[in-house]
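For the numbers below, each heavy atom of this structure counts, side chains included, while hydrogens, waters and symmetry mates do not.
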Amino acid sequence: MPVNRNALIRYKTIDNCLRNRYKKWTIDDLIDACSEALYEYEGIDKGVSRRTIQLDIQVMRSEKLGYNAPIIVEDKKYYTYEDADYSITNIPLTDQDLGKLGEVMDILKQFKGFSHFQDLNGMIQKLEDKIHVKKTKGRPIIDLEKNDNLKGLHFIDPIYQAILQKKCLEISYQSFNARFPNQWTFHPVLLKEYRNRWFLLGRSSRENPLMLLALDRIITLEISDQLAREEDEDHIQNYFSGVIGVSVSPNLPTETIELFLNHRAAPYVLTKPIHHSQSIIEKTPYGIIIQVQVQCNFELEREILGFGESIKVLSPAHLRRKIYERHKNAREVYDMDLNQGALRELPARLDKNGHQLFKHLYSKRETNKIKQLIHQYDSKRIREDQGKPIRFLFGEIPQLASLCFNENLDRVLKQFGAGYFLTKATLFAKTEEQNWLVSWHQDTIIYVKEKRETPGYTNWTRKQNYFGVQPPVHVLQKGLSIRIHLDDTTADNGALRVLSGSHLQLLDDEKIDVITKNSNATTCELDEGDIHLIRPLLLHASGKSTGSRPRRVIQLEFNCCELDNGLEWVSCLTV
């Protein structure tokens, strides 16, 4: 059955419509779309009849052209593909098609030796392999890199046509960081492929700077009648020449990057340069030194990190520092991987000793973010209040809660079973001058919303809009304090001293005095990012700082007990 060009345009237009699942297509919608396509491509302005489109759908459903398109009608009105992944562009090649492709291959292969056609060499082998597989039904001889799950590839053809015709695109686009899609009349310039992902370079308006869109983040796309902005062809052709990858900063100059690669990595870089500007500066007995002239961007960092310990940044200094920090952060990921055996034993050890240290719960990056938030919020107040604790930390700095409750802390808390809830969040931010002595004591005071005389609840004190009270021993014994150390803590800056095993009973002042004078205390020295778990009744104290380093600690207190007589815990967010 012969197929003319107009029919092919209609089939392709209907196919594009039915693949767009964000709109419901009636027969009238398909008539309008095909009429516009014929006018755009062929200048035909008389439109298309309903009968023609109905026959087109019938042909597409049939085997006449090999489409067998699974076109269905929903609600007796709307046309769509039953298989959301179907397209007539995915149909297999016929024997006649394969024969024609074979003839084309024979012609192309005659030009492989000419310099003007060197770019065809790899393409010819790939295409020849595809034809071989189709003809013989055998396995491929060439295994091409592909990503079958990559989204947005069906947009390549309409984008290509829009750039060819110098037309704008109506695009709905949602980046990974955006909550909602953006709608743009986009001026497309160039399709760019990098590591099997596709990108579109263009402008969201005539005046806006060039920007790059990932095809897998495009939601909908249609070719507009509006003409696209004319671009400087030399600028576009060289737009990516100063970078590795696709991340271009228009106002950032390129830099000379010097890298040392040992003998293990050197052959890979020599046979496949990381950038066209790559040159060898020096060959040493231990490896090679190369340089590239590029912008420092994410893809450059990823390329360097991909060589692991086989590469070293020599210059510039800022890139050297950044790669060093990223390697250090990567190591922390493994250092922070909590030991499962230690986690399982944690509740038993805590019940026995009354306290337990846990290393590497927070990364350097996490503690820096926490300290930065604290500094931005309260550095002036901490100085003026002589380092007094901030009792309702998450109420005053809400952003800290998500940083403190990282994955590792959640795993620790799960070891104590369900039912534990946060009762206090306190910041102790003592500078080296303000780090005063804390005498031996047990933590016995909890905060409740209102005062109700209740047996076993003593030492009531009025605070601001809440009350402090000492509850019965069974409530205190269910408590759990977790101290997050934001600085390295040693004896010279007031590290906590504890008496293991002293948490089993409530002690009066006389007993505390006797025990502390006749027992050997343990000084708990911790690094930044470590935590210290403590039962409230554990006897503990801290000495006055003799050094010049600050000691900042966030103390989170938990419990799982309901209070008697309708007493309610104060929310840890109360200010």
Side-chain angles (χ1 to χ4, degrees), residues 338-340 342-362 370 389-394 400-428 438 441-448 456-457 468-486 489 496-507 522 524 526 529-542 553-564 567-574:
L338 302 183
N339 182 281
Q340 291 298 319
L343 271 177
R344 287 192 296 269
E345 295 174 1
L346 181 58
R349 288 178 177 270
L350 190 64
D351 288 340
K352 178 182 178 181
N353 299 319
H355 76 108
Q356 187 68 33
L357 309 181
F358 231 99
K359 308 289 285 183
H360 304 301
L361 222 75
Y362 295 85
I370 292 173
I390 300 177
R391 295 290 180 187
F392 294 96
L393 181 62
F394 294 161
L400 282 179
S402 60
L403 292 175
C404 290
F405 283 89
N406 69 358
E407 181 183 2
N408 278 344
L409 185 64
D410 286 341
R411 292 174 64 190
V412 167
L413 288 172
K414 285 178 181 177
Q415 301 306 310
F416 295 91
Y420 272 85
F421 51 87
L422 187 65
T423 61
K424 290 182 189 177
T426 306
L427 171 66
F428 300 98
V438 177
H441 68 286
Q442 296 175 300
D443 290 332
T444 62
I445 301 299
I446 65 172
Y447 296 154
V448 295
Y457 291 76
V469 64
Q470 180 178 300
V473 173
H474 74 273
V475 175
L476 296 172
Q477 288 177 333
K478 288 293 185 180
L480 170 65
S481 295
I482 297 180
R483 295 168 60 89
I484 303 170
H485 285 253
L486 305 179
T489 305
L496 212 62
R497 293 176 295 151
V498 301
L499 289 175
S500 297
S502 60
H503 62 294
L504 301 176
Q505 58 181 314
L506 184 63
L507 304 169
T522 300
C524 300
L526 297 98
D530 296 349
I531 67 168
H532 192 185
L533 293 91
I534 300 174
R535 289 296 188 190
L537 293 180
L538 182 77
L539 276 171
H540 57 284
S542 63
V553 177
I554 293 176
Q555 181 162 312
L556 306 179
E557 299 183 27
F558 302 85
N559 210 300
C560 59
C561 278
E562 289 189 12
L563 302 178
D564 302 307
L567 291 172
E568 295 183 56
W569 297 89
V570 169
S571 168
C572 65
L573 300 180
T574 300

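- The backbone N or O of His360 lies less than 3.5 Å from a partner atom in the side chain of Asp530, making a donor-acceptor pair.
- For Val475 against Asn559, the heavy-atom pair with the smallest separation is O-ND2, 3.1 Å.
- In summary, the side chains of Gln356 and Arg349 do not present any donor paired with an acceptor at a separation below 3.5 Å, with no hydrogens or angles considered.
- If you take CD1 on Ile531 and CG on Leu409, they are separated by 6.0 Å, rounding to the nearest 0.5 Å.
- Residues Leu563 and Ile446 form a side-chain contact, since some pair of their non-hydrogen atoms from C-beta on lies under 4.5 Å apart.
- Looking at heavy atoms from C-beta onward, Leu496 lies in side-chain contact with Ile534 at the 4.5 angstrom threshold.
- A distance of 10.0 Å separates OH of Tyr420 from CG of Leu413, quoted to the nearest 0.5 Å.
- Residue Val469 comes nearest to Pro471 through the heavy atom pair O-CD, 3.4 Å, listed as atom of the first residue, atom of the second, then distance.
- For the pair Gln555 (side chain) and Phe428 (backbone), a donor-acceptor distance under 3.5 Å is absent.
- Taken to the nearest 0.5 Å, the CG atom of Leu361 stands 9.0 Å off from the CZ atom of Arg411.
- Here the straight-line distance linking atom CG of Leu357 with atom SG of Cys524 works out to 5.0 Å at 0.5 Å rounding.
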Take Phe416 and Leu533 through the test side chain to side chain contact (heavy atoms under 4.5 Å, CB included) and record every step on the way to the result.
CA-CA 12 Å; Phe416 295 91; Leu533 293 91; 4.0 Å; yes
Derivation of the side chain to side chain contact (heavy atoms under 4.5 Å, CB included) call for Leu537 and Leu504
CA-CA 7 Å; Leu537 293 180; Leu504 301 176; over 6 Å; no
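- With hydrogens and angles disregarded, a donor-acceptor distance shorter than 3.5 Å links the side chain of Ser502 to the backbone of Leu539.
- Applying the side chain to side chain contact (heavy atoms under 4.5 Å, CB included) test between Gln442 and each of Leu476, Leu507, Leu538 identifies Leu507 as the sole match.
- Judged purely by distance below 3.5 Å, without hydrogens or angles, the side chains of His540 and His441 pair a donor atom with an acceptor atom.
- Nearest heavy atom pair, residue Gly468 against residue Tyr447, reads CA-CD2, 4.1 Å.
- Closest heavy-atom contact between Cys572 and Phe392: O-CD2, 3.7 Å.
- Nearest heavy atoms, Leu506 versus Thr444: CD1-CG2, 3.6 Å.
- Here the CG atom belonging to Leu343 is positioned 4.5 Å from the CD atom belonging to Gln415, to the nearest 0.5 angstrom.
- With hydrogens and angles disregarded, a donor-acceptor distance shorter than 3.5 Å links the side chain of Trp569 to the backbone of Cys561.
- Between the CG atom in Leu480 and the SG atom in Cys560 there is a gap of 9.5 Å [rounded to 0.5 Å].
- Side chains of Thr426 and Ile554 form no contact here, defined as non-hydrogen atoms less than 4.5 Å apart.
- Under a 3.5 Å cut-off, the side chain of Tyr362 and the backbone N or O of Asn408 do not form any donor-acceptor pair.
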Under the salt bridge (charged side-chain N to carboxylate O under 4.0 Å, His left out) criterion, do Arg535 and Asp443 qualify, and how do the steps go?
CA-CA 9 Å; Arg535 289 296 188 190; Asp443 290 332; over 6 Å; no
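- Checked options Leu403, Leu556, Leu427, Asn406; the residue passing with Ile484 is Leu556 (criterion: side chain to side chain contact (heavy atoms under 4.5 Å, CB included)).
- Taking each heavy atom of Pro536 and Gly479 in turn, the nearest pair found is CD-O, 3.3 Å.
- A perpendicular orientation is assigned to the rings of His355 and His532, their planes being inclined by more than 60° (bins at 30° and 60°).
- A perpendicular orientation is assigned to the rings of Phe405 and Phe558, their planes being inclined by more than 60° (bins at 30° and 60°).
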Phe394 and Leu422: CA distance, side-chain angles, deciding distance, side chain to side chain contact (heavy atoms under 4.5 Å, CB included) verdict:
CA-CA 11 Å; Phe394 294 161; Leu422 187 65; 3.7 Å; yes
